[in-house]
Amino acid sequence: MAETAPTTLGDLAYEVRSKNAGPFWVTMELFLRDTDGYRIAADETYLNEGTIARLYRLDEADVRMFRIPSLNVVKISFPRPVSQASLRDRDVHSGQHHVPLAVLPLPTA
């Protein structure tokens, strides 16, 4: 069976995950398969604070990004929309926040 070309950010990664970073922050991590995938994910013209702000309806100034080339990892943190376990919290463990990031289309050449 022929392998299809990657079309989303998640296709470039071993894992895309999100988790609590305390009761007021979410952290997402992209573990890229190789340096080529990391190069795309770490490209500041593609994946940047503005991209995350649009995906998650945040203020761009609140987004923190960490690029770790020695591990092929991009880490992203931002304030939770509501505090953990509050009345309006729909994802106590922040386990589903990564989905919009994982399905983000790759840039076209």
Side-chain angles (χ1 to χ4, degrees):
M1 183 172 186
E3 197 171 310
T4 59
T7 59
T8 67
L9 193 53
D11 292 334
L12 300 177
Y14 284 119
E15 184 173 10
V16 181
R17 69 182 181 192
S18 55
K19 59 187 179 179
N20 283 329
F24 306 108
W25 283 79
V26 171
T27 290
M28 299 187 297
E29 296 160 327
L30 291 159
F31 296 89
L32 288 307
R33 294 182 187 279
D34 54 33
T35 55
D36 290 335
Y38 176 80
R39 182 183 41 77
I40 294 167
D43 182 352
E44 292 185 33
T45 61
Y46 166 61
L47 187 60
N48 55 48
E49 290 82 352
T51 304
I52 300 302
R54 284 186 297 281
L55 277 176
Y56 293 94
R57 299 180 187 154
L58 303 166
D59 183 344
E60 189 173 334
D62 290 337
V63 179
R64 305 289 180 262
M65 295 192 69
F66 307 92
R67 293 168 178 86
I68 310 165
S70 62
L71 299 174
N72 291 337
V73 170
V74 176
K75 183 175 180 173
I76 303 160
S77 295
F78 55 83
R80 290 175 61 97
V82 297
S83 62
Q84 181 184 20
S86 67
L87 182 62
R88 292 196 171 100
D89 186 9
R90 297 172 48 191
D91 187 1
V92 173
H93 300 291
S94 299
Q96 301 302 313
H97 282 70
H98 69 282
V99 175
L101 182 64
V103 298
L104 184 66
L106 292 178
T108 55

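Side-chain contact between Leu104 and Tyr46 is present, with heavy atoms from C-beta onward closer than 4.5 Å. You'll find the side chain of Phe24 stays beyond 4.5 Å of the side chain of Arg80, heavy atoms only. Taking the side chain as every heavy atom from C-beta outward, Asp11 and Leu106 never approach each other to under 4.5 Å. Residues Thr27 and Lys75 have side chains in contact (heavy-atom distance under 4.5 Å, counting atoms from C-beta outward).
In this structure Asp43 satisfies the side-chain hydrogen bond (donor to acceptor under 3.5 Å, both in side chains) test together with Thr45, sequence neighbours excluded. Residues that satisfy the salt bridge (charged side-chain N to carboxylate O under 4.0 Å, His left out) test with Glu29, not counting sequence neighbours, are Arg17, Lys19.
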Trace of the side-chain contact (heavy atoms from CB on, under 4.5 Å) decision for Ile40 with Leu12:
CA-CA 9 Å; Ile40 294 167; Leu12 300 177; 3.9 Å; yes
If you apply the rule side-chain contact (heavy atoms from CB on, under 4.5 Å), what do you find for Leu30 with Asn72, and how did you get there?
CA-CA 8 Å; Leu30 291 159; Asn72 291 337; over 6 Å; no
Test log, rule side-chain contact (heavy atoms from CB on, under 4.5 Å), inputs Val63 and Asn48:
CA-CA 9 Å; Val63 179; Asn48 55 48; over 6 Å; no
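For the residue pair Ala42 and Arg67, the shortest heavy atom distance occurs at O-NE, 3.0 Å. For the pair Phe66 and Ser77, the tightest heavy-atom approach, listed with the atom from each and the gap, is CE1-OG, 4.3 Å.
Here Asp62 contributes atom CG and Trp25 contributes atom CH2; the two are 6.0 Å apart, rounded to the nearest 0.5 Å. The CD1 atom of Ile52 lies 14.0 Å from the CZ atom of Arg57; values are rounded to the nearest 0.5 Å.
In this structure, Tyr56 and His97 have parallel ring planes: the angle between them is below the 30° cut-off, well short of the 60° mark.
In this structure, Ser18 contributes its side chain and His98 its backbone to a donor-acceptor pair below 3.5 Å. A donor-acceptor pair is defined here as one N or O able to donate and one able to accept, closer than 3.5 Å; no such pair exists between the side chain of Arg39 and the backbone of Thr35.
Val73 and Val16 fall into different hydrophobic clusters, defined by Ile, Leu, Val, Met, Phe, Trp and Tyr side-chain heavy atoms under 4.5 Å apart, directly or through other members. Linking Ile, Leu, Val, Met, Phe, Trp and Tyr whenever their side-chain heavy atoms come within less than 4.5 Å leaves Ile68 and Tyr38 in two separate clusters.
Shown here is Glu15, whose CD atom has more than 12 heavy atoms of other residues, nucleotides or ligands within 6.0 Å.
Checking Met28, Glu49, Glu44 one by one against Met65, the side chain to side chain contact (heavy atoms under 4.5 Å, CB included) holds for a single residue, Glu49.
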